[in-house]
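Read through the structure below, which is laid out as structure tokens, and then see the notes.
Labels below follow one simple rule: chain letters A, B, ... track the order of the sequence lines, proteins then strands, and each chain is numbered from 1.
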2 protein chains.
Amino acid sequence: MQKKVTIYDVAKQLGISTATVNRAMNDKASVSEKTRKLVMETAQEMGYRPSKTAASLKRNPKRIAVLLPDTVYGYLAEVERGIRRASDDLADYSVYCEMFKVTAEETRPFIDKLYELAEQEFDGIIILPPSNESEVSGVVKELREKTDLIFATVTSDLEGSDRLFSIQNNGRMAGKMAAELLGMLADREKPVVMVTGQLTSQVHRNTVEGFREGSESFGLKFSGVYEHHDNLREAYDLAKVLVDQYPDLGGIYFGTANSVAFCKRLQELGYAGKISIVASDVFPDIAALMRERVIKATIFQNPFLQGRLAVRYLYEYMAEGRQFENDVILLDPQIVLRSNLPLYSDILEQMKDDYIL
Amino acid sequence: MQKKVTIYDVAKQLGISTATVNRAMNDKASVSEKTRKLVMETAQEMGYRPSKTAASLKRNPKRIAVLLPDTVYGYLAEVERGIRRASDDLADYSVYCEMFKVTAEETRPFIDKLYELAEQEFDGIIILPPSNESEVSGVVKELREKTDLIFATVTSDLEGSDRLFSIQNNGRMAGKMAAELLGMLADREKPVVMVTGQLTSQVHRNTVEGFREGSESFGLKFSGVYEHHDNLREAYDLAKVLVDQYPDLGGIYFGTANSVAFCKRLQELGYAGKISIVASDVFPDIAALMRERVIKATIFQNPFLQGRLAVRYLYEYMAEGRQFENDVILLDPQIVLRSNLPLYSDILEQMKDDYIL
DNA sequence: CTGTTAGCGCTTTCAG
DNA sequence: CTGAAAGCGCTAACAG
């Protein structure tokens with residue numbers, strides 16, 4: 001428990017002021033390259049580790065905006081909860097986090113809001129991209145160039161937008177895991193298919209790729225990908241289409257959370273339990289279907305953690321100079337079976353209130 | 001982003017000093033009950049939330065000792081890594097964490113060390129109990145009464161010791177998960193058995209109970225529990241005993257990490273791949289056996305997180321008055337298959353250095 | 001039991 | 001480009 005090395009020690013050692021040491025350490029402009037190098041070296045040698053607590057006490061508040069599509073959809077509620085949680089955790093560090101929700105039906109209002117936020121005094125913006133990713137990408141890229149705002153994305157990405165980082169589920173791994181599970185659950189001689197939202201979204205494409213690879217490794221007869229465009233009716237109808245097309249269908253992997261309407265139809269058609277289903281995420285409806293043995297397994301994507309980390313990492317970048325070696329941060333998908341479903345009861349409990357779909 | 005309410009605001013509002021507000025808020029002695037109540041109420045009304053950062057800047061350093069059995073065993077190395085990580089995270093908060101390792105062959109040296117640590121100026125002690133739990137329990141209880149030390153346990157518990165909390169894997173859930181997995185992997189007509197370290201340890205008993213329950217739910221022919229007492233030779237020999245006793249053995253659940261010698265014998269006997277094996281935790285050897293299809297699944301117990309949270313929670317209790325609604329804190333076991341094994345490669349990488357057994 | 005006061009280690013004006 | 005100095009919000013001596 002040796003004496004802590006402070007900024008004063010470093011300053012005194014070099015015969016300069018603490019202000020200069022500070023500026024040098026924080027990559028601020030207006031420090032000669034020579035002093036900066038000197039300071040860095042001495043700090044290193046002396047074992048100086050700046051105190052984050054002391055730093056946060058004095059520094060100017062940071063403001064983060066979060067822009068989300070205004071969908072009534074359990075997944076988003078979880079991301080939101082994660083964001084609020086991070087805000088709470090960071091309350092002491094003078095970080096202020098504000099959430100904005102905009103309709104995702106059309107892209108225009110979303111983009112307008114983005115321009116509007118850019119006018120305000122935010123330091124960073126976190127975006128959960130609506131399904132039409134490419135249009136938004138351009139806007140972000142433009143704002144990146146014109147302002148000194150920092151952007152991050154969560155859940156899906158905005159490719160080519162020059163955002164700082166993206167936090168998302170490891171979709172490719174999730175796809176492989178689904179394939180392995182179906183290999184354990186279903187007859188491998190029978191065909192399996194994958195159902196997803198829509199393939200304009202980068203994350204969805206990843207899950208498909210993973211499932212394809214996994215099918216190969218684990219010897220599944222992978223027979224097709226179907227989109228339901230996050231439309232309940234379409235999902236409902238799709239069930240019939242599939243059982244007609246594949247009379248001996250062995251398994252289905254649902255890459256998005258929207259499996260409920262589909263499963264309902266399957267039950268109506270008398271196929272429930274006969275076809276092995278692996279779903280995504282944990283929601284009250286999915287939990288119910290698992291208890292009824294309609295869904296055999298689901299792959300949890302931790303939306304809560306996604307939201308939480310997006311805020312946390314953006315803050316760490318802004319305030320503590322955190323570096324990202326990899327700008328796409330992938331979270332580990334988790335396998336949920338009937339036995340460990342109770343572990344997610346807190347989440348289900350939390351969700352009950354704001355969960356509709 | 002309204003103005004922050006500080007301790008000064010509360011003090012001014014009540015016409016008292018900040019010192020009194022501080023004392024009242026932190027349950028310190030020497031504040032009249034009347035003032036305390038008044039302060040609490042006013043703080044609440046004004047929306048005062050004490051700043052943890054500011055607090056940590058001034059307060060006296062806290063010291064935490066960690067006492068571990070000195071076993072050369074990958075699991076422990078992970079717990080240690082978690083502890084070090086928490087220490088690092090807390091470095092700014094003036095918390096100092098020191099680790100002590102003592103042989104676990106006999107109980108005496110462990111207990112002696114405990115007395116020795118109690119003499120030193122620690123505020124809290126975290127214990128990873130050696131297999132003989134009951135003897136240590138008594139000592140902890142005694143020290144709890146004689147000193148104002150705070151105790152916590154990690155990985156297993158010291159029942160009746162009056163420790164503040166225990167962090168451990170949810171063993172019962174892990175057992176159930178193993179049963180469900182074996183139900184998916186093995187022929188349910190064939191018998192399954194469980195192998196564990198020794199049943200004097202409370203966590204091991206939990207996994208057995210969980211596996212028993214799970215066998216019932218998932219229709220397994222659960223046929224016995226066998227101990228290997230963490231002895232390599234014994235584990236090696238046990239493989240032969242089991243295949244002789246159960247010629248049509250369908251599956252085995254290994255409740256502890258020590259499955260390697262056992263599997264080796266199984267391979268020698270030509271049973272590898274024929275009997276479905278579910279193991280515990282992720283270590284280099286286990287990863288290798290999974291790639292060879294000898295072990296089909298493993299249940300990760302997150303020893304790293306166990307260590308990390310033990311330190312973190314103890315600190316939060318000491319410094320921030322954190323309350324525990326439940327003094328046994330159970331972490332979620334995670335299912336690892338061949339497909340998601342790569343997610344644990346960081347851990348495996350970390351382990352390579354200090355991993356021997 | 002309560003008040004006064006001197007910092008904890010850093011950041012940020014403001015003035016050179 | 002650099003330095004002096006005033007705090008950020010809290011805690012803990014110390015004095016009453």
Measure CG/Leu57(A) against P/dC8(C) and give the value in whole Å, please.
13 Å

With sugar-phosphate taken as primed atoms, P, OP1 and OP2 and all else as base, the protein-contact string of nucleotides 10-16 of chain D at under 4.0 Å (heavy atoms; B, S, -) is BBBB---

Any donor-acceptor pair under 3.5 Å from Asp123(B) side chain to Lys62(B) backbone:
no

Between Glu320(A) (CD) and dG9(C) (C1'), how many Å, whole number?
15 Å

Protein-nucleotide distance (Asp9(A), atom CG; dC8(C), atom P), rounded to Å:
11 Å

Please verify the inter-ring angle class for Tyr313(A) with Phe165(A); under 30° counts as parallel, over 60° as perpendicular, anything in between as tilted.
perpendicular

Is there a donor-acceptor pair under 3.5 Å between the side chain of Ser156(B) and the backbone N or O of Pro129(B)?
no

Distance in angstrom units between Asp92(B) CG and dC10(C) P, rounded:
9 Å

Which residues pass the salt bridge (charged side-chain N to carboxylate O under 4.0 Å, His left out) test with Glu45(B), not counting sequence neighbours?
none

Can you find a side chain N or O atom of Thr20(B) that sits less than 4.0 Å from OP1 or OP2 on dG3(C)?
yes

Write down the distance between CD1 (Ile16(A)) and P (dC10(C)), rounded to a whole number of angstrom.
14 Å

Could you tell me whether the phosphate oxygens of dT2(D), OP1 or OP2, come under 4.0 Å of any side-chain nitrogen or oxygen in Ser17(A)?
no

Tell me, please, which residues at least two apart from Asn26(A) pass side chain to side chain contact (heavy atoms under 4.5 Å, CB included).
Asn22(A), Lys28(A)

Under 4.0 Å, heavy atoms only, any strand: does Thr35(A) hit a base, just the sugar-phosphate, or nothing?
sugar-phosphate

Flag the pair Glu80(B) and Arg84(B) as a salt bridge only when some basic side-chain nitrogen lies within less than 4.0 angstrom of an acidic carboxylate oxygen.
yes

Taking atom C1' of dC1(D) as reference, at what distance in whole Å does atom NZ of Lys34(A) sit?
12 Å

Return the value, rounded to whole Å, for the distance between atom NZ of Lys12(B) and atom C1' of dG9(D).
14 Å

